[in-house]
Structures are given as C-alpha cells and as structure tokens.
Amino acid sequence: MTMQNLYLLVPLAPLAGAIVAGLFCRIIPRWVAHTAAIAGVAIAFIASIFIFQDVMAGHTFNGSVYQWLASGEYTFEVGFLIDQLTVTMMLVVSFVSLMVHIYTVGYMQDDPGYNRFFSYIALFTFSMLMLVMSNNFMQLFFGWEAVGLVSYLLIGFWYTRPTAILANLKAFLVNRVGDFGFLLGIGLILANFGTLDYKTVFEHAPDFATATIALFPGSAEVSLMTAICILLFIGAMGKSAQVPLHVWLPDSMEGPTPISALIHAATMVTAGIFMVARMSYLFELSDTALSFVIFIGAITALFMGFLGVVQNDIKRVIAYSTLSQLGYMTVALGVSTYSVAIFHLMTHAFFKALLFLGAGSVIIGMHHDQDIRNMGGLRKYMPITWITSLVGSLALIGTPFFAGFYSKDSIIEAVGLSHLAGSGFAYFSVMAGVFVTAFYSFRMYFLVFHGEERFGKPAHHAHAAPAADHAAAHDEHGAAVVHEEHHGLAPGQKPHETPWVVWVPLVMLAIPSVIIGYMTVEPMLFGGFFKDAIFVNAEAHPVMEELTHEFQGAMTMALHSVLSPVFWLALAGVVSSWFLYLKRPDLPPKIKAAFLPIYTLLDNKYYFDRFYEIVFAGGARLLGRGLWKGGDEGVIDTFIVGGSVRAVGLLATTIRFFQSGHIYHYAFTMIFGVCALLSFWLLRA
C-alpha cells in the first residue's frame, strides 16, 4: 500500500464504521455496530503510527486528492497536508477516540440508542481527521462544520430530554456566531489571495503584510492581515469555547459522558487551537491580532477556572477545567509559542479524557448520580477509578514529572518572557489559574474519593446536577420509553468498580498522562520538531528562542520546579482544598455565606446566559415580532396584499359604470381614450 493510500485510509476507515453502524442501526446486532466503529478508528490509529514514522523519516506530503469544483479562475479541492503538526493531531485524535469507543461499549450497554451512538462518534472522528489533514481552507471549513454538526447530534443524543435539546441548540447557535467570522476570514483570503490553498496563501502572506482594507464603505482602513486573523480567531473562539463564546461548552455535559470526553479532549474544542497554530504564517504578521488572542485567552484561563470552584456536578467541574486549559493554550498561541500550545493540547487530551471517563466510571458506580456532595469515600469501592482519577488530577494541576507539568509550565514561562501588549495581564491570569485549578480539581477529588461516605442518604436537590446520564431512553424506533427513573444509591447500596471494558481505557490513558510529557518535551519544543509546520518570526517574537536557551532537560526542569512559585501555588491549592473539604468541612458554608454576592455571581456564571437571553434572544424575538406585526401584517398583508385587492376592486367598480349597455357610454369612453393618448403623445414630443 502506498503512503497516499494510507493517508486516505485514516479518515475513511472511521467513516466506514460510521456508515455501517448508522445506516443499518435498526437491523444489525450491537456487537456488529461497535465492532465496525472500533475497528475503523483502530485502523486509523495504526495507519497514523505508520504515517508518523514516515514523516519522522523526512517524508511530508502536500497534494490534491480530488477536485471538487472549478469556477472560472478558482478551483476547490480535497487534499492532504501531512507534516509534523498533522501527524501529531492524527495520533492524538485517533488514540483518544479509540479509547472512548472501547469505553462506550461498557458505558452505553443499556441504552437503546447504542448503535446510533457508535455511528455518531465514529463520524465525529472522521470529521476531525478531515479537518486536521486538510491542505486548503475549503476542506478545513468542511471539517469545521462537520464536527459542529455531529456535536449537535451528540449533545442532544437523548432528544426526549428538554435540557439536552436546549443544550445542543445553544451549541449550534453560538458556533454559528463564531463560524460567521471564520467564513468572513476565509472570504477575505479568497478575495485577496485568489486561492484557498494553504501553501500558496502562506507563501504570499508577506506580500500583504502592509496591505489595508476598509471593513465598511467610508470607514477607516485597517490592516488586512489583522482583519483576516481576528476573523479566523473568532471562529476559534466559538469552536474552542473562548469568552464570550464559551457558554455552550458546560451545557454540552447533557450528552453522554463518552462524548463529553471526546469533545473536550481530542475533537471540537481542539479545532480552534490547531487552526491558529496552522495559520501561524498569517498571525505572525499582526501583533494586534496576537494581543487580541492573548487577552481573550487570559480572561478564559482565569475567570472560567473560578466557575469550577462552585460546581457540584462532577462533569461540569471538569468542563470548566477544560475552558480554563483552553485559555492557557490560547495564551500560548498569542505569545507566538504555537508549538507549546500544541504540546499542551496533546498532553491535555490524555489527562482530560482520563478525567471525563473516570467521572463516567464514578457515575456508573453511583447509579448515575452526578452530584459530588452525594459521594465520598469511593476510594475503597472503586480502586482503579480512584488511582486513575488521581493521576489525571495530578497531571491537570501540573505536578512535576506528570504530562501536564511540562506543557503548563512551558506556557507560564513563555508568557512571562513575552513583551506583547496584554502579556502582563496574561501572566497574572495563568499564575493565579495555577492555584484555582489545583483547588477545584482536588476539591472534586477529595469530595468524591475521600472523607465521609455520603451516598445512600437524602440527596442534595437544591443544586443537583441538571440531568444525570441515562435519564431518558428510546425504543428501537426512536420513540420515548417511559420508565421509572432512579438516580443515586438506595439506602444500604454500595458503589462498585466498573467492568474491564470501562477501566481498561482509564489505565491506557493514565499511562501517557504520566510519561508523555517527559518523553516528548525536548523534541517537540526544543528539538525543531515543528520547524517545517509552524512559522515564528524569531526577530519580532523571540519567546520560543529564549525558552530554548533556558531549557536544560526534562529531568532538570522538573527538579528545579520545586523552587518556582508555580509549584507552591499548586501545592497551596491542594492543601487548601484538603483543609476545607476534609479537615474542616464546616468552613465552606460559612465562607459561602460571608461572600454570598461573589458566590451568587459565580453560581450564575457571570450572568452570561442571562445577558444573551435578554439581549440577543430577547432582541431577536423583539425584532421578529416587529417584522411580523409591522412588516408581515402591517405592510405585506395590509398594503401589498390587501391594498392590491382593494385597488383591483376599486378599478372594477369604476369600470363597471361604463359597461352599462348604452351606446353613448361606449362612445364617451372611446373619445376619452383618444384624448388621453393624444395628450400623452404631445407631452412626449
């Protein structure tokens, strides 16, 4: 098999699995559906390994596979760009997706939509692979929209549940806002460069470095590259859930846990980070755009982390940690350390998938209760879930030698070295975020696995999880199945460890969560791994070069970290959570009462949802009502439709007087007509 055929196999194998599981979901047994989907993703992962080895041998590829459309001077093609950045994403996406597919066999075993779910997640994997392998903006946009479409289907997978339908509608609408900016950016590229091919655009980008454009007729002109980059980044803000387009991501928890892991770890939200790194050739030409990226990322990293502190739904705590970590990646992009952002994307994919799947294991053991206040002491009942969740938490907070440490510390150090506008605020945000991340991560960990056993007691209902997994089911024809729901352990019941098909993926993800950072930090960041895939103007943005000079090896980096404030901030966060939730559990309610206005602000998520509901949703409804009452009923019905009817009736009534049957009436009409024609002729002459 040639390498070009191997490239095709990577996205097409998951697509084949999706087709088998989807088109025949009502007639094939479950084992056929999950076997087809898992086999497709496994083939993609194995093929990605061979392609990675080929790229490491110095063989890259950039070529067209299929010409989709030719229109005048423009051609639109399906093509692949296989380089170091691409193969990194291919390995991450296919491996994490494979673990999620295997995990799903156990997690969704009782769900009537089993086959349909496997079709969706395999299609999700295909869409993301097409996105990262593209060599042109048209195919990028196809993958971009495809992951958005499939995420809509997956978030609303339990479509009889109103909260799930509202969540997937929110995700769809918010991403349309970002995608509108993204499409405008692509349109500007096509209008000015005359092509959508990456290579051609990147080669000619310096020629447009000083070009300007008027965004509106008569408006002041702005830098063309700044406009393009900010518009493209608005698309990334939607997909990668950056403030203020972040509101859809926490609500995506309404989907089953496996898709939460897939969205947050390897697909969808990583698309925006990947896109900006791929577009480094463009972003390096606009310091204004880079500062905008820094500012948005810094706000997201810190303020979304605060929200994780007040969450009680186990999945939503992890969701807000994803938002915060995406902010870290975005800040890294803004200070021109694109390789560091991709490195953190990679390490984060492993431990975030681990944390989500671990949360799903806890949810199974707790009979689908997601409220961490109803847990406690699960360590002795679920030892594998406990140890793997601990590994994920340690990686997330940046514990030395764990994967997250190398990528997170590199981001913090890079931001500290940057002199771009906004980097000072960003440095404060990422430093403060270290404490916040450690605090909410171990708050969840301690409340779930340690302390008093709170299960089998009256549950917290005031702030209970909005919807627990498996709250709704459907029969084989998609109709709602009405059944008695029960969430949580009954009195006398004990949690239990999940079956091997659930915990094996946890172990497989825990391994890279520990070792992948130590193994890859030097080659990926300081060994020129991305030198041909990512461009950095070292003269204007020397941060990466300065980081390289300071790096003395993975071991030294970890050992020296104990002297840095980052380590002590993380330790302070862990100790604080231990003291408040294990040693003195009476204090959090008192702190909440003392700072009730701040708690209310956080509990309402800074009122973003309320603001959008009033301003945008309310404004849209008001506009629609105005168009309905004023436009449809007032103008169209009253004047156009009704007016034309009345005009015809008036004309008919007038003419009827002359259709009397008397000759002198007809003679008068003819004379009047001749006079009118003569008058018209004379006026024209």
Side-chain angles (χ1 to χ4, degrees), residues 62 79-86 88-89 128 130-145 147 178-209 211 213 223-240 242 269-294 296-297 326 329-345 420 530-537 540-541 544:
N62 181 16
F80 294 143
L81 171 58
I82 308 297
D83 59 10
Q84 293 85 351
L85 178 58
T86 306
T88 300
M89 293 299 298
M128 189 65 186
M130 285 294 287
L131 188 156
V132 301
M133 295 175 69
S134 62
N135 75 338
N136 62 84
F137 287 92
M138 187 210 74
Q139 186 176 329
L140 173 70
F141 190 71
F142 164 78
W144 196 267
E145 292 302 305
V147 294
D179 292 353
F180 180 67
F182 188 60
L183 191 57
L184 287 177
I186 294 175
L188 275 180
I189 290 172
L190 182 61
N192 289 277
F193 289 83
T195 180
L196 294 178
D197 180 69
Y198 287 167
K199 183 179 179 182
T200 307
V201 171
F202 295 161
E203 286 177 348
H204 291 90
D207 300 337
F208 293 86
I213 184 175
S223 165
L224 173 63
M225 295 312 302
T226 297
I228 288 174
C229 291
I230 289 179
L231 287 170
L232 291 177
F233 182 67
I234 289 173
M237 287 168 64
K239 280 290 178 289
S240 293
Q242 298 295 290
V269 298
T270 62
I273 306 300
F274 163 80
M275 184 273 293
V276 175
R278 176 61 81 194
M279 301 301 137
S280 59
Y281 292 86
L282 306 182
F283 279 83
E284 283 299 286
L285 298 174
S286 174
D287 284 1
T288 303
L290 290 174
S291 291
F292 180 72
V293 172
I294 292 173
I296 294 296
L326 288 167
M329 298 176 209
T330 302
V331 167
L333 294 170
V335 298
S336 291
T337 53
Y338 307 96
S339 57
V340 177
I342 295 298
F343 184 49
H344 191 51
L345 184 156
L420 282 171
F530 291 117
K531 67 180 185 300
D532 298 323
I534 290 174
F535 169 73
V536 177
N537 183 352
H541 309 128
M544 201 66 225

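None of these values were measured; they are calculated from a predicted model. All values below were derived from every heavy atom in this structure, side-chain atoms included, with hydrogens, water molecules and symmetry-related copies excluded.
- Smallest separation of non-hydrogen atoms from Glu284 and Asn537: OE1-N, 2.8 Å.
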### Query
Step by step, would you call Phe530 with Thr88 a side-chain contact (heavy atoms from CB on, under 4.5 Å)?
CA-CA 10 Å; Phe530 291 117; Thr88 300; 3.8 Å; yes

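- Leu232 has its side chain within reach of Phe182: a pair of non-hydrogen atoms, C-beta onward, lies under 4.5 Å apart.
- For the atom pair CZ of Phe137 and CD1 of Ile189, the computed distance is 3.5 Å after rounding to the nearest 0.5 Å.
- Asp83 pairs with exactly one of Arg278, Lys199, Lys531 by the salt bridge (Lys or Arg N to Asp or Glu O under 4.0 Å) rule, that one being Arg278.
- With hydrogens and angles ignored, the 3.5 Å screen pairs no side-chain donor or acceptor of Ser280 with any backbone N or O of Ile534.
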### Task
Walk me through it: do Met544 and Val340 pass the test side-chain contact (heavy atoms from CB on, under 4.5 Å)?
CA-CA 9 Å; Met544 201 66 225; Val340 177; 3.9 Å; yes

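- One distance of note links CG of Leu282 with CE of Met225; it measures 4.0 Å at 0.5 Å rounding.
- A 4.5 Å side-chain heavy-atom check between Met329 and Ile342 finds every atom pair outside the cut-off.
- In this structure, the side chains of Lys239 and Phe274 stay at 4.5 Å or more apart for every pair of heavy atoms.
- Among Phe208, Phe193, Phe233, Phe283, the single residue meeting the side chain to side chain contact (heavy atoms under 4.5 Å, CB included) criterion with Ile228 is Phe193.
- Using modelled atom types, no side-chain atom of Thr86 and backbone atom of Met133 make a donor-acceptor pair closer than 3.5 Å.
- Atom CG of Leu140 sits about 4.5 Å away from atom OG of Ser134, to the nearest 0.5 Å.
- Atoms CH2 and CE, on Trp144 and Met128 in that order, are 8.5 Å from each other to the nearest 0.5 Å.
- Taken from CG in Leu285 to SG in Cys229, the straight-line distance is 7.0 Å, to the nearest 0.5 Å.
- Contact annotation: the side chain of Gln139 approaches that of Phe80 to within less than 4.5 Å [non-hydrogen atoms, C-beta and beyond].
- Residues Thr330 and Val293 form a side-chain contact, since some pair of their non-hydrogen atoms from C-beta on lies under 4.5 Å apart.
- The distance from atom OG of Ser336 to atom CD1 of Ile294, rounded to the nearest 0.5 Å, is 7.5 Å.
- Between Leu326 and Gln242, the closest heavy-atom pair is CB-NE2, 3.5 Å.
- In this structure, the side chains of Ile273 and His344 stay at 4.5 Å or more apart for every pair of heavy atoms.
- For the pair Asn135/Asp197, a side-chain contact is recorded, criterion being any heavy-atom separation below 4.5 Å from C-beta on.
- Heavy-atom minimum distance, Leu131 versus Gly143: CD1-C, 3.7 Å.
- Ile234 is not listed as a side-chain neighbour of Leu184, based on a closest heavy-atom distance of 4.5 Å or more.
- For the pair Ser286 (side chain) and Ala289 (backbone), a donor-acceptor distance under 3.5 Å is present.
- Taking both residues in full, the closest heavy atoms of Leu188 and Ala227 are given as CD1-CB, 4.2 Å, listed atom of the first, atom of the second, then distance.
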